[in-house]
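Note that ligands are numbered from 1 as they come in the structure, with each ligand's atoms numbered from 1 the same way. Along the sequence shown, residues carry numbers from 1.
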Amino acid sequence: MKSALITGITGQDGAYLANFLLEKDYNVYGIYRRLSTPNFWRLQNLEVFDKINLIPADLIDGSSMVEAVKISEPDEIYHLAAQSFVGASFEQPIGTGEITGLGTARILEAIRQIDPEMKFYQASTSELYGNGHSSSLSENSPFQPSSPYSAAKLYGYWLTKIYREGYNFFACNGILFNHESPLRGLEFVTRKISNAVAKISFGMEKELNLGNMDAKRDWGYAPEYVKSMWLMLQQKEPDDYVIATNESHTIREFVEKAFDVAGLDWQDYVKVDRRFKRPIDVNYLQGDYSKSKQKLGWEPKIKFNKLVEIMVKEDLSRWEKWQNGQIFPWDAPNYSNEANILTRALKA
Ligand code: NAP
Ligand code: F7E
């Protein structure tokens with residue numbers, strides 16, 4: 001039986017990947033960090049919480065990462081943990097560098113010292129490309145990071161290549177474009193929209209405040225994307241791959257479709273709020289996944305319209321169940337509606 005260690009197992013991708021690897025009969029380990037309130041709702045939602053092994057560790061603390069690798073002795077390591085919210089990286093650039101950038105160095109060093117035969121997956125990102133592009137982006141397109149998050153991820157991307165070339169690691173960068181699901185964090189725009197549409201349609205909220213609605217993103221479906229991570233580590237040689245749908249849509253299009261699914265007109269509810277605008281935003285991202293199709297046999301099945309539908313219908317169903325008194329693992333009832341969030345954009 002193969003074993004895998006997932007950093008970030010409590011996040012969106014970590015939960016789906018744990019589920020996927022359990023179905024492949026892996027012994028799954030995951031690290032989780034100490035929080036004042038436990039955050040296992042995604043693992044419980046997918047009913048995998050009782051089937052995995054959890055190891056307490058934090059990317060900030062290198063010795064805990066060494067312990068996690070020693071305890072799990074995995075064949076494969078999927079490094080998904082990060083401060084992953086681009087907006088927050090402008091507010092916490094140093095913490096983002098520590099976790100998202102140096103955290104990758106800590107785990108790579110743990111592997112180098114313990115067993116360099118362990119295969120390594122690095123969660124790289126389309127944010128690496130930044131601005132200045134107008135056509136589909138491939139593994140060969142230039143990077144121009146536009147946020148502290150993407151600068152930290154660029155460090156992780158290069159370190160992964162350096163350990164591959166310098167120490168002969170089986171280390172791969174998955175350059176994943178945005179991927180979403182009902183398990184997406186509520187601060188990201190897609191889930192913020194699907195959750196707000198559901199609350200508005202039940203009369204629990206009156207409006208939705210958003211930032212830049214003109215940005216374009218290439219949105220895919222997270223459960224399909226985690227399969228590509230596994231495929232990368234099953235190849236003969238380590239390499240880097242773009243995972244995307246090769247379609248892009250504006251935030252406005254997402255909003256329009258999401259309200260439409262609930263039978264509402266978005267223009268009656270959506271307001272632009274500068275608190276949610278970033279000092280720099282990436283305006284256009286669309287990914288060319290032909291290398292992944294050719295080498296991994298990977299292709300996305302769920303595209304934009306279906307994705308929006310899945311997310312809005314799931315949030316409608318959750319709020320309905322919740323109003324009927326049903327108890328189940330999810331995040332929205334405990335999330336602030338953002339009305340009392342202050343950011344420095346308000347002072348600008
Ligand atoms: P996510 O839902 O935000 O999950 C992030 C995970 O990292 C959580 O499990 C979180 O733990 C953990 N984490 C954060 N700080 C940590 C620390 N100091 N020590 C240990 N764990 C820590 O992110 P995701 O959407 O699943 O994305 C997975 C990875 O792919 C991330 O690296 C992200 O940057 C990257 N990525 C995501 C996308 C996308 O569209 N989703 C696209 C490209 C790349 P807590 O539960 O304790 O907070
Ligand atoms: O923003 C705009 C915002 O926060 C998407 C992460 O998983 O994908 C994600 O990063 C767009 C941006 O995701 C709001 O300005 C408008 O243009 O959902 P997001 P992201 O920044 O693309 C990449 C690939 C990752 O690697 C990251 O880890 O939507 N936008 N109004 C807004 N965004 C948010 N969050 N909230 C708004 O109110």
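Contact annotation: for Glu127 versus ligand 1, there are no heavy atoms closer than 4.0 Å. Residue contacts with ligand 1, taken as heavy atom pairs separated by less than 4.0 Å, involve His179 via backbone and side-chain atoms alike. Counting heavy atoms closer than 4.0 Å to ligand 1, residue Asp13 contributes atoms from both its backbone and its side chain. The part of Tyr149 lying near ligand 1 is the side chain, judged by heavy-atom distances below 4.0 Å.
At the shortest separation from atom 18 (N) of ligand 1 among protein heavy atoms lies Asp58 OD1, 2.8 Å. Protein heavy atom in closest approach to atom 12 (C) of ligand 1: Ala81 CB, 3.9 Å. Of all protein heavy atoms, the one lying nearest to atom 29 (C) of ligand 1 is Leu80 O, 3.1 Å. For atom 9 (O) of ligand 1, the closest heavy atom belonging to the protein is Thr10 OG1, 2.7 Å. For atom 43 (C) of ligand 1, the nearest protein heavy atom (residue, atom name, distance) is Leu176 O, 3.1 Å.
At least one heavy atom of Arg184 sits closer than 4.0 Å to an atom of ligand 1. Remark: distances from the non-hydrogen atoms of Glu98 to ligand 1 are all 4.0 Å or more.
Per-residue contacts place Gln12 under 4.0 angstrom from the following atoms of ligand 1 (heavy atoms of the residue considered): 2 (O), 25 (O), 26 (O), 41 (N). Counting the atoms of ligand 1 from 1 in the order shown, those under 4.0 Å from a heavy atom of Thr125 are 43 (C), 44 (C). Against a heavy-atom cut-off of under 4.0 Å, Asn39 is close to the following atoms of ligand 1: 45 (P), 46 (O). Listed by number with element, the atoms of ligand 1 under 4.0 Å from a non-hydrogen atom of Ser124 are 43 (C), 44 (C). Close approach of ligand 1 to Leu35 is summarised as follows: ligand atoms under 4.0 Å from at least one heavy atom of the residue are 47 (O). Near Asn178, with a cut-off below 4.0 Å to any heavy atom, the atoms of ligand 1 are 40 (O). Close contacts between ligand 1 and Ala123 involve ligand atoms 29 (C), 30 (O), 32 (O), 35 (C) [criterion: under 4.0 Å to a heavy atom]. Interface of Gly11 with ligand 1, defined as ligand atoms under 4.0 Å from a residue heavy atom, comprises 2 (O), 4 (O), 8 (C), 9 (O), 26 (O).
Between the CG atom in Asp315 and the NZ atom in Lys313 there is a gap of 13.5 Å [rounded to 0.5 Å]. Taking OG from Ser126 and CG from Leu176, the interatomic distance works out to 8.0 Å, rounded to the nearest 0.5 Å. Taken to the nearest 0.5 Å, the SG atom of Cys172 stands 9.0 Å off from the OH atom of Tyr121.
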Query - Stepwise ring pair (Phe, Tyr, Trp, His ring centres under 6.0 Å) test for Phe259 and Tyr269 - result: CA-CA 9 Å; Phe259 276 87; Tyr269 305 99; 5.7 Å; yes
**Report entry** salt bridge (Lys or Arg N to Asp or Glu O under 4.0 Å) between Arg252 and Glu256, worked out
**Finding:** CA-CA 6 Å; Arg252 189 174 288 99; Glu256 191 173 351; over 6 Å; no
Requested in this report: Using the salt bridge (Lys or Arg N to Asp or Glu O under 4.0 Å) rule, take Glu76 and Lys119 through it: C-alpha gap first, then chi angles, then the decisive distance, then the call.
Outcome: CA-CA 5 Å; Glu76 297 167 6; Lys119 292 184 174 179; 5.3 Å; no
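The existence of a salt bridge linking Arg33 and Asp61 is excluded, since no basic side-chain nitrogen approaches an acidic carboxylate oxygen closer than 4.0 Å.
Cation-pi check for Lys301 over Tyr221 is not met; the charged atom does not lie both under 6.0 angstrom from the ring centroid and within 45 degrees of its normal. Seen from the ring of Phe276, Lys192 counts as a face-on cation partner, given the 6.0 Å and 45° thresholds.
Remark: ligand 1 and Leu59 share an N or O pair separated by less than 3.5 Å (distance only, no angle test). Residue contacts with ligand 1: Arg33 is placed with a nitrogen or oxygen under 3.5 Å of a nitrogen or oxygen of the ligand (distance criterion only).
Closest heavy-atom approach to atom 23 (O) of ligand 1 among the candidates Gly8, Ser84, Ala244, Ala82: Ser84.
Taking the six-membered ring for Trp and the full ring otherwise, the centers of Phe188 and Phe85 sit less than 6.0 Å from each other. Ring pair Tyr129/Phe143: centre-to-centre distance below 6.0 Å.
A side-chain donor from one of Gln12 and Ser181 sits under 3.5 Å from a side-chain acceptor of the other. Judged purely by distance below 3.5 Å, without hydrogens or angles, the side chains of Ser136 and Asn246 pair a donor atom with an acceptor atom.
Checked against Leu59 for a side-chain contact (heavy atoms from CB on, under 4.5 Å), the options Leu102, Thr104, Ile99, Thr100 give a single hit: Ile99. Under the side-chain contact (heavy atoms from CB on, under 4.5 Å) rule, Ile9 has a single partner from Leu80, Leu17, Ile52, Val48, which is Ile52. Tested against Trp330, the residues Trp41, Tyr335, Trp319, Phe40 include a single ring pair (Phe, Tyr, Trp, His ring centres under 6.0 Å) partner, Trp319.
Within 6.0 Å of CH2 in Trp322 there are 12 or fewer heavy atoms belonging to other residues, nucleotides or ligands.
Residue-level contacts of ligand 2 at the 4.0 Å heavy-atom threshold are Ser84, Phe85, Val86, Thr125, Ser126, Glu127, Tyr149, Asn178, Arg184, Glu187, Phe188, Val189, Lys192, Asn209, Leu210, Gly211, Asn212, Ala215, Arg217, Ile251, Phe276, Arg278, Asp281.
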